[in-house]
> 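Take this structure, written in structure tokens, and hold onto it; I'll ask about it next.
Each ligand, and each atom within it, is numbered from 1 in the order the structure gives. Numbers here simply count residues along the sequence, with the first being 1.
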Amino acid sequence: MKILLTGGAGYIGSHTAVALAALGHELVCFDNLSNSSADVIERVESISGASFPLVVGDIRDGDGLRQAMTDHGVEAVVHFAGLKAVGESVADPVRYYDNNVVGTLALVGAMADCAVKTLVFSSSATVYGQPQYLPLDENHPTSATNPYGRTKLMIEEMLADIAAADPAWRIGILRYFNPVGAHDSGMIGEDPNGIPNNLMPYISRVAGGRLPELSVFGADYDTPDGTGVRDYVHILDLAAGHAAALGALAKLDRPLSIWNLGTGQGYSVLDMVAAFERVNAVKVPYRLSPRRAGDVASCFASPDKAKAELAWEASRGLDAMCASSWTFERARAMRNTKA
Ligand code: NAD
Ligand code: WQD
């Protein structure tokens, strides 16, 4: 299939490009490079041995999208493009609604104009809000606790309306839990600008000496060791989930599907620190600190629906997540030394 990846130069998009190219799909990346760089495209091409043309454009530009879809004969879209920093979304909600919601509206409009009606969308477990029960299945009530989460919910609702109005659509909403890790080559991974918000990139930078210590946000939660529990999923498993979703959409006789992508297994912050230190033989100094506003104690998936309908299951464990994150951190340092 010819597939357009919006946000394809980003963390999840680049790993998914490698996975889709390995299955023989022809890809085109549409990205405004607001949180990525064009070098990533070259690295995806070098890992996969396939070409990955980049259209530098913004998803709010419907004409640009129509042009890219027509030029490349696009048949399906995997939509990663979006802003994702929770704190930033609280400080500047207008930018988040504009980029994420208005951008997705422009995208689905352009797709309809080009008669491209297969869409996989990057949603998030954040749409479950404060868990009412665990594990979280796809029927758990949804709510949002910050503007970023609200953009995901609004987009999900918009997509449900579009699917209801025109059953020719095949829309797959993927609710990711906590994606971590990197490609084994160390050539692509997660390298946020500035100080990371997420745990794994923070741990990597502390281990690599770029940051002095990790603040563990809260040690008094109702969890086995008092620190927050999350469902960390290896980026290569997550990437494979997109290929599985595209395959299922082609076969399923319904316009809208929602799937959790998680492992079903929760680990605490201290579990993550201990695993990272053990697997990589490094030290991750940390300090127990106050809770971070808006955090929940525990969050993990029921991955049963994805297993049943996508034949997808995460196969990589914590050790592989920690090892590949460290490989990427060291490779990044080597690249910067050479540059
Ligand atoms: P990322 O920032 O690495 O990638 C997003 C890409 O989209 C970047 O390359 C950026 O330049 C591009 N982009 C942003 N706005 C754009 C626009 N208006 N037009 C064109 N390109 C634009 O983020 P990621 O971690 O790869 O996340 C991808 C998607 O998955 C996002 O929608 C995010 O909300 C969602 N998600 C991420 C996580 C996570 O923990 N990483 C969890 C759940 C959901
Ligand atoms: C994980 C655990 C923290 C950093 C966020 C978004 C969510 C989704 C994924 C996009 C928590 C603890 C973290 C640190 C710490 N993104 N922590 N010290 O909060 O589960 O989810 O990213 O959709 O929307 O909210 O992930 O990696 O930030 O935190 O102790 O420096 O690590 O308190 O328990 P989170 P995270």
> With backbone taken as N, CA, C and O and side chain as the heavy atoms from C-beta onward, which portion of Tyr202 lies under 4.0 Å from ligand 2: side chain, backbone, both, or neither?
side chain

> Which atoms of ligand 2 are found less than 4.0 Å from any heavy atom of Val216?
30 (O)

> Measure Tyr267 to ligand 2 on non-hydrogen atoms and call it side chain, backbone, both or neither using the 4.0 Å cut-off.
neither

> Looking only at protein heavy atoms, which one is nearest to atom 10 (C) of ligand 2, and what is the separation?
Tyr148 OH, 3.0 Å

> Relative to ligand 2, is Val229 under 4.0 angstrom through side chain, backbone, both or neither, heavy atoms considered?
neither

> For Gly103, state whether at least one heavy atom is located under 4.0 Å from any atom of ligand 1.
no

> List every atom of ligand 2 that sits less than 4.0 Å from any heavy atom of Leu214, numbering the atoms from 1 in the order shown and giving each element.
14 (C), 18 (N), 31 (O)

> Taking only non-hydrogen atoms of Gly57, do any sit less than 4.0 angstrom from ligand 1?
yes

> With Tyr176 as reference, evaluate Val233, Asn260, Leu261, Asp231 under the side-chain contact (heavy atoms from CB on, under 4.5 Å) test and give the passing residue.
Leu261

> Side chain or backbone of Leu199 under 4.0 Å from ligand 2, or both, or neither, by non-hydrogen atoms?
both

> Counting neighbours of CD on Gln67 that are heavy atoms of other residues, nucleotides or ligands and sit closer than 6.0 Å, is the number greater than 12?
no

> For ligand 2, which atoms have a heavy atom of Asn178 less than 4.0 angstrom away?
20 (O), 21 (O), 26 (O), 35 (P)

> For atom 33 (C) of ligand 1, what is the closest protein heavy atom, and at what distance to 0.1 Å?
Tyr148 OH, 3.7 Å

> Hey, is Gly8 one of the residues with a heavy atom under 4.0 angstrom from ligand 1?
no

> Does only the side chain of Ser215 get under 4.0 Å from ligand 2, or the backbone, or both, or neither? Count heavy atoms.
backbone

> Run the contact test for Leu33 against ligand 1 with a 4.0 Å cut-off on heavy atoms, strictly below, and give the result.
yes

> Nearest to atom 23 (O) of ligand 1 by heavy atom, Lys84, His79, His15: which?
Lys84

> Counting heavy atoms only, name the option from Arg291, Arg287, Arg230, Glu213 that's nearest to atom 20 (O) of ligand 2.
Arg230

> Give the residue and atom name of whichever protein heavy atom lies nearest to atom 27 (O) of ligand 1, and the separation in Å to one decimal.
Ile12 CD1, 3.8 Å

> Can you tell me which portion of Thr126 lies within the under-4.0 Å heavy-atom range of ligand 2? Options are side chain, backbone, both, or neither.
side chain

> Considering only heavy atoms, which of Ile59, Val127, Leu65 lies nearest to atom 19 (N) of ligand 1?
Ile59

> Which one holds for Tyr176 and ligand 2: side chain close, backbone close, both close, or neither close, with close meaning a heavy atom under 4.0 Å?
neither

> How close do Val296 and Pro131 get, counting heavy atoms only, and between which atoms?
CG1-CD, 3.9 Å

> Nearest to atom 36 (N) of ligand 1, what protein heavy atom do you find, and at what distance?
Tyr176 CD1, 3.6 Å

> Side chain, backbone, both or neither: which applies to Lys84 and ligand 2 if a contact is any heavy-atom pair less than 4.0 Å apart?
neither

> Among Tyr232, Phe217, Tyr221, Phe177, which one puts a heavy atom closest to atom 2 (C) of ligand 2?
Tyr232

> Return the closest protein heavy atom for atom 15 (N) of ligand 1 as residue, atom name and distance.
Asn99 ND2, 3.1 Å

> Which residue supplies the protein heavy atom nearest to atom 10 (C) of ligand 1, what is that atom called, and how far is it?
Asp31 OD1, 3.4 Å

> Identify, for atom 4 (O) of ligand 1, the protein heavy atom at the shortest distance, and state residue, atom and that distance.
Gly10 CA, 3.4 Å

> When you measure from atom 29 (C) of ligand 1 to every protein heavy atom, which one gives the shortest distance, and what is it?
Phe80 O, 3.1 Å

